[in-house]
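Owing to the predicted nature of the structure, the values given are computational and were not obtained by experimental measurement. A, B, ... follow the sequence lines: proteins, then strands. Residue 1 opens every chain.
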Amino acid sequence: MSAADQKKTLEEIAPGELVAKKQVEQKSPLPPLEGAEHGKVVTRFPPEPNGYPHIGHAKAAIIDEEYARMYGGKLILRFDDTNPLKEKLEYYEAIAEGLEWLGVKPDIVKNTSDDIAILHDYGKRLVNSGGAYVCTCSQDRVRDLRAKGLACECRADGVDVAGRLEKMFAGSYEQNEAIIRFKGDMADPNTAMRDPALFRIIEGDHPKVGKKVRVWPTYDFAAPLEDSLDGVTHAMRTKEYELRNALYFAILDRLGLRKPAMIEFSRLEFEGMPVSKRKIRPLIDSGTIKSWDDPRLPTLSAFKRRGFVPEAIRKFVLSLGLTLAETKPPFEALEAFNRKIIDPRCMRLYFVRDPVEVRVEGAKEMQVTLKNHPTDPSLGSRKVRVADRLFMAGDDAQNLKEGDELRLIELYNIKVAGLERQDGRVRAVRAVMGGDEIRQSMPKVQWIAKNDIVEFQVMIPKALYAGEEYNPDSLEVAKGGVESFAAALAPGAQVQFVRFGFCRIDRSNTAILTHR
RNA sequence: GCUCCGGUGGUGUAGUCCGGUUAAGCAUUUCGCCCUCUCAAGGCGGAGAUCCCGGGUUCAAAUCCCGGCCGGAGCACCA
């Protein structure tokens, strides 16, 4: 019996007994938070200031903020700076700037290193209460025994733990000589629980606290403590940390501290656009890529430079949801969001790639007014003087045949009278006036008056990586010309070059293609 | 190797916890039409998924159970 038949029969036998499945409506693109109370939600975005912010940071920060706002709560930006060897002052700033550009406004900004004394205190407390111990084994031995699931002597009773702890903080141990380890379970199938390091000694110059501190907590210790102490109610992190959840909660349990809820989501990365410094740094060091805002990179500064707007990134990120599936979302979707947002505010200007000269016989010099936007008059117009010589795009010219008619957009029609070729390529076009009637079927092309053209180039970013290899064709350069009006635009201006694509002016005579 | 997490149209997701209302919603992509002095945006419409595979439970399974297969992650004194 089909579902419909069953339903019908049921209605006959027991009218009114059929209950409609409850409708779960939800406004926000994100699912509701478990146990969230309005006004009491605290989330946190905890980047390590060890590099420039990228699209992966954006995802986490946006989700964190979105939830804080959704529930009228607070967002904490916490620089997770517990490794002086990796962190630099410029990265704190870069991250803060990146978030500001994104429109993510934290309610509180702090550093994990601000709380180093508190963290030390809890660490000592944990050791003194038997929840952790000082291990003086070599790194190799620790790794080896963890793999085998065996404990070392340092964990046994009878070791002078108090003395070792004292030595650790007093500076008697050298770097790598001693660590504080959580007393977990060396036989736990979850290897994260096999007595992980909680503190280690690092001789370094910390960007915020200098050389004063040498005993630094690891992420595994700092994260749960900070979250709990800061009042975070919902902590979110990417799913590669999933196995550490047990440790996170075990630490808080042993210290008797409040436990936040933990939510995971997958990392965000685009195909051919790696986020990892391991893949980008060599290209920078070798000069293949000049800077961290190169338009092929997934850094926020690159997205900005390329012409993506924060609203588009936010919409895109939220459209991905909180899935755990590891996929590479379509870059085209980001482009589509961005296009819809910038379309109404981009002036339509002419860029001709590989210009080919057109001579229109009998054309008199005249002045035309061109609309800067097809539907929005507030974007204004511009005046251009045209005589009998102008340029059209090389690709458009190549397909011409004698007798073809085409429309020079917002100017007039022309009829091809002759083509001048060189090596089989059309080098110049001779044309005659073809009237002014606009016909839908007629091809329409953009043009630039000969006396108005300015040399110009557009950089076209492509996939940086093809599989595991650097893509040597990742940056295409389209050379050509623009109207003098476009050449005069200030860097940062976003325009649409008609029939070419949306671009952001990067510097004088150069733009970057945002997307088609 | 051990442990954990994923697997829904070309792509990304919603739905899966609490099985049934439309055998699957949205976005992107693509195609067609309308609009249009752009191959943009906007409007309308179409195409595209045996919901990884195989069993089982059930009147009924994308949803529950078992077993596979495939993909990813963790096993740092990095975060």
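Nucleotide C33(B) has G43(B) as its partner under the Watson-Crick or G-U criteria, with both atom distances under 3.5 Å. With a 3.5 Å ceiling on both atom-pair distances, the Watson-Crick or G-U wobble partner of C70(B) is G6(B). Using Watson-Crick or G-U wobble geometry with both donor-acceptor distances under 3.5 Å, A49(B) finds no partner in any strand shown. Here G12(B) sits opposite C26(B) as a Watson-Crick or G-U wobble pair (both hydrogen-bonding atom distances under 3.5 Å).
Going from atom CG of D188(A) over to atom P of C2(B) covers 16 Å, rounded to whole Å. When the P atom of G74(B) is taken as reference, atom CG of N190(A) falls 13 Å away, rounded to whole Å. Atom CG of L150(A) and atom P of C2(B) are 18 Å apart (whole Å). Distance, K328(A) NZ to G72(B) P: 10 Å, rounded to whole Å. Atom NZ in K277(A) sits roughly 12 Å away from atom P in A79(B) (whole-Å rounding). Taking atom CG on D144(A) and atom C1' on C77(B), their separation rounds to 16 Å, with Å as the unit.
If you check distances only, the side chain of R407(A) does reach the base of C37(B) with a donor-acceptor pair under 3.5 Å. Taking 3.5 Å as the limit, the base of A73(B) and the side chain of Y241(A) contain no donor-acceptor pair of atoms between them. With hydrogens and angles left out, the side chain of E332(A) and the base of U11(B) share no donor-acceptor pair within 3.5 Å.
Using a 4.0 Å cut-off, some side-chain N or O of T82(A) falls inside it from OP1 or OP2 of A79(B). Taking side-chain N and O atoms only, K340(A) has a distance below 4.0 Å to OP1 or OP2 of U28(B). Checking the phosphate oxygens (OP1, OP2) of U28(B), no side-chain nitrogen or oxygen of S319(A) falls inside 4.0 Å. The side chain of R339(A) places an N or O atom within less than 4.0 Å of a non-bridging phosphate oxygen (OP1 or OP2) of A41(B).
Of the candidate nucleotides U29(B), G74(B), U38(B), G74(B) has the atom lying nearest to any side-chain atom of L243(A). Of the candidates G74(B), G6(B), A76(B), the closest approach to any side-chain atom of E326(A) belongs to G6(B). With G7(B), U38(B), G74(B) as the choices, the nucleotide that has an atom nearest any side-chain atom of I409(A) turns out to be U38(B). In the set A73(B), U28(B), A79(B), the nucleotide with an atom closest to the side chain of A333(A) is U28(B). Side-chain proximity of R348(A) to G74(B), U38(B), G7(B): nearest is U38(B).
Looking only at atom types and distance, the side chain of S381(A) has no donor-acceptor partner in the side chain of N372(A) under 3.5 Å away. Looking only at atom types and distance, the side chain of Y92(A) has no donor-acceptor partner in the side chain of N111(A) under 3.5 Å away. E90(A) and Y52(A) share a donor-acceptor pair across their side chains, judged by distance under 3.5 Å alone.
Map L320(A) and P344(A) each onto its nearest nucleotide of RNA chain B; the residue landing nearer the 5' end is L320(A). Between F337(A) and T375(A), the residue anchored nearer the 5' end of RNA chain B, judged by the nucleotide with its closest heavy atom, is F337(A).
Ring pair Y219(A)/Y241(A): centre-to-centre distance below 6.0 Å.
Contacts of Q440(A) with the nucleic acid, taken as non-hydrogen atoms under 4.0 Å apart, include base atoms.
Every side-chain contact (heavy atoms from CB on, under 4.5 Å) that Q139(A) has, sequence neighbours left out, goes to N176(A).
In terms of heavy atoms, V429(A) sits closest to A397(A) at CG2-CB, 4.4 Å.
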